[in-house]
Every structure is written in C-alpha cells, then in structure tokens.
Amino acid sequence: MNLPADLSYTASHEWVRREPDGSLSVGITDHAQAQLGDLVYVELPKPGRRVKAGEAVAVVESVKAASDVYAPVAGEVLASNDALAGAPEGVNEDAYAAWLFRLRPADAGELAGLLDAAGYRATIGEA
Amino acid sequence: MTRQTPLNRLHRDRGARMVDFGGWDMPLHYGSQIEEHHAVRRDAGMFDVSHMRVVDVRGASARGFLRAALANDVGKLKARGRALYSCMLDGDGHVLDDLIVYFVDDGFFRVVVNAATAGRDLAWLRTLAAARAPGVSIAERDDLAIIAVQGPNARAKTWAALPGTQAATAPLEPFAAAAVGERFVARTGYTGEDGFEIVTPAAGAAGDWTALEAAGVRPCGLGARDTLRLEAGMNLYGQDMDESVDPYAAGLGWTVDLSGERDFVGREALARAPRDRQLVGLLLDGGAGVLRAHQAVHTARGAGEVTSGTFSPTLARSIALARVPAGVGVGDTVDVDVRGKRLPARVVKPPFVRRGKVLVAP
C-alpha cells in the first residue's frame, strides 16, 4: 500500500498535502483509485467556492461507479486541476501527483484532526 | 458462500480483482478494465464465463418441447450446429431469461442460460417438460466450463493455441457450432466481435486457458465484458430486462416469432401487450458525465429510465440503453438526470460499436 508519510489523510480516502504557501492540495488515495478502477470522468469545483469540512466538492467516476470527494477541512477553493478533466486516468497512474483541487483552509488548526499514514492504514484495515 | 469456476485459482494467481456476480466469485479485471476492452476490439481477449449454465435437452420430442418453451422458433434450426437467440417467457409474456440454443443433433439441443437465473430456468423447464413433453430429459452440465475468446484475431489465436480445432471450426459461419473432440466450439459471443465460445470439460479448462494466454489472448474480466456488450447494444438480463417486462419493452421484439400458429408460453399475453415502451440507445456529450442504470430520462412523450449505462472506451463518451415511451425517435434529444444535473442525450439506434467500427454518428 502506497501511503507517503508526508501527507495527511481522511477516513473518506482523500490525501492532503500542505503546500509552502499554506494552501492544501487534495486528491484521492492510491487505495481509493485501486478500489474504483479505471477513472473515466472527474468533476471539479470552481475556484472561489467556499466549502465546509466534509462537504462533497468533487466527483470521480470510474467505469464501475461514481464517488464523491469531500473537503478535508473548511476553506475556499483556490484552483482545480483542469488537466485531469481530459485525462482522468492520471489519477490511476499516480494518485499522489494527481491533485484534484487546492484549498485555502479557514482554520489551519483543523489540520490536526486529519489522519497520518498509520492512522489511515488502520482505517482501511491494512496491517 | 460464493461458487467458483474451474478457473478460479488461475484468476487469483494472476491478481484479478474478484467480485460476487450472481453468486459466483468472478474476475472483474486483471489490472485495467479499459485496456482489456481495447484488447478485444483490436486483437483478442478471453473471458471465463463458466458461471453461465449449459443445459442439455434430449429426447425425440426435444425440438417440439423447445418450440413450445421459447419465444423464438427453434424450428428455424435446420442444420446441425446452428444457434438461435431467444427469450424464455412466463405466462404473462414477461422475460424469464434470454438464452442461446444450439441444435446439436437429432433429439439433442444445448441451451446456455444466465448464471443468476439458472436455478429458476431449470425448475421452469422441468415443470414445463413434465406437463408437455414427459419424454424429454433436461440435464444441468456443471461438469463443463466455458471460455469466450473474442476479437478480430480470436479465431486465429484459438487455432494456434488448441491444436485440432481449426479444421472443424474454420468453416463455421457466425452463430454456428461444432463438436471438436470433447470441446464444443461456437462462433458466438457477447462483445460485438468475431470469436468463439468454447465449452470444455472442467478438468481441461485450465489447460485451455493457459494455452490461449500463451498464444497471445489477453485475460479479460466481467468489467470489460459489460462495456463491450453495451457498446454492441446487447441486453443484460436483470438490468435491461427481467420478469417485469415483455420483449417489446426490452428491444427484443425481433426475437419473438409470431409467424404461424405455434403455441408457445407467453404468446397469448404478448398478443395483448401494449407495446408502449421501447429500448433505445443514448449518447451523452463527451466530458459531461456518466450515464448509469436507474437514472431518470425525460422525453417529449413522457418519462423513461436508463437500464444500463457506462463510459464507452471506444467512443470515449458515455453511452446507455434506456427504456422510454414509444414514439421517441432516433435523433431526438432527451434529458437525463445525472447526479443532480439534467444533461441532454441523443437517442440512437444500438449497436454503438460492432466489429471494431463505430456505428453511431458523432
């Protein structure tokens, strides 16, 4: 199971990377992309949208099923990775390079509530 | 406890993602469903479809029995080896199952039915036989496996992999079969491509599979099988039709043979069928979303529903089969509720893709 130690995670299978400017990049985990199978469609949020923690912000769809992607913390959407709209398979190829959207967190303190790699590993039942 | 085909170990050793399909532990894909799909359209792929049930119907009155049991007319099967696609209906004219029946020899027909419905089909056929044709025997062949080899190069690769099959099967026309030693090889399939469905004794199935893979046939899972059949405009039982609809509402009116006076189960009810619904193809704009079963369809003639929807790897956009009111025509635009949005879709006549060629206008 590929779970980079420098990322934070959610129980709903998002990964979160803290960028140097204080913003957060968000994607879905390698485990999530493997469960979904080949991705064929992504729907991404518009910059400027204000979201609550746990709010459905993006959609990833595989040949098999659609799945919501949730905001890990409250904040404002700064950007979305529009390159993925034409090439959603990028998420399958490298889930941690294929960020879906960037957030400016409303309260950086909320990040403490996210899981680390070991915590996420435990939620998906991997030893 | 799910059931396993004779090839289960091979799938697991190869790292297939396994799923429960109709009570069977089956491979969904071996890594990439989309690559498997393309392998079948462009070269050759194979599917373990041993969960489907072979039912052998034997007896001097086997033909007459099947003419009464099925909505298509087995009487059309004149030459040995010929195959016929048919619905089996209940007394209300509703679809109990769809199946293929092969005329093997005088007094011997081979029927292949769906996995999830096999138990019910057998009980139904036996009850029917007891009442109408007591001399007919109905045998479930769970000692057999089925490997579907599909794609433009499927036949050539099968011949390379399984010595002795070429002479008997090269002359086969589409929808015909021949016995080759212990194997029964049919030029049929569920992908829209050329190829064979090979019925083989369970004990020899792993050997056949391994030889086919060595000859360059790519193992493919049920995921690719579903996108291929949907592109080919073929129905899936339990999704596009079931015991709540008649063949006319499922795009299968062409398989109902009403010529002559043949008395088959469901005929009387079909004569009263309103024929007020039809099955059509839907094409969504690329990048708009993905059509899925049970999404609501809004048409100028009233409401309908998507029965099967997916992303088409060949067209790189979403396609679907949908049940809509009669009168909705090819070329019409309808609206589909896709995850909270109402998206326009164009009505087309399936199939979307056959023999590697796109058949719907972009």
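In what follows, chains carry the letters A, B, and so on, assigned in the order in which the sequence lines appear, proteins first and then strands, with residues in each chain numbered from 1. These numbers come from the heavy atoms of this one structure, side chains and all, not from hydrogens, waters or symmetry mates. This structure is a prediction, so every number in the text was calculated from the model and none was measured.
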Worked verdict on V348(B) versus V280(B) for side chain to side chain contact (heavy atoms under 4.5 Å, CB included): CA-CA 7 Å; V348(B) 298; V280(B) 297; over 6 Å; no

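Here CG of L212(B) is found 10.5 Å from NZ of K157(B). Values are rounded to the nearest 0.5 Å. Expressed to the nearest 0.5 Å, how far CG of D43(B) lies from CD of E193(B) amounts to 11.0 Å.
Without hydrogens or angle criteria, R9(B) side chain to P6(B) main chain gives no donor-acceptor distance under 3.5 Å. Judged by distance alone, the side chain of N8(B) and the main-chain N or O of M26(B) form no donor-acceptor pair under 3.5 Å.
Looking at A65(A), only its backbone comes within 4.5 Å of chain B, counting heavy atoms on both sides. Of the atoms belonging to A316(B), not a single heavy atom falls under 4.5 Å from chain A.
Closest heavy-atom contact between E197(B) and G189(B): OE1-N, 3.4 Å.
Contact check for V26(A) versus L100(A): no side-chain heavy atoms found under the 4.5 Å cut-off.
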Between chain B and chain A, which N/O donor-acceptor pairs sit under 3.5 Å?
unit_1: R17(B); atom_1: NH2; unit_2: A34(A); atom_2: O; d: 3.3
unit_1: S32(B); atom_1: OG; unit_2: D38(A); atom_2: OD1; d: 3.3
unit_1: S32(B); atom_1: OG; unit_2: D38(A); atom_2: OD2; d: 3.0
unit_1: Q33(B); atom_1: N; unit_2: D38(A); atom_2: OD2; d: 2.9
unit_1: I34(B); atom_1: N; unit_2: D38(A); atom_2: OD2; d: 2.7
unit_1: A288(B); atom_1: O; unit_2: Y41(A); atom_2: OH; d: 3.2
unit_1: R292(B); atom_1: NE; unit_2: E61(A); atom_2: OE1; d: 3.1
unit_1: R292(B); atom_1: NH1; unit_2: V63(A); atom_2: O; d: 2.9
unit_1: R292(B); atom_1: NH1; unit_2: K64(A); atom_2: O; d: 3.3
unit_1: R292(B); atom_1: NH2; unit_2: E61(A); atom_2: OE1; d: 2.8
unit_1: R292(B); atom_1: NH2; unit_2: S62(A); atom_2: O; d: 2.7
unit_1: R339(B); atom_1: NH2; unit_2: D68(A); atom_2: OD1; d: 2.6
unit_1: K341(B); atom_1: NZ; unit_2: E43(A); atom_2: OE1; d: 3.0

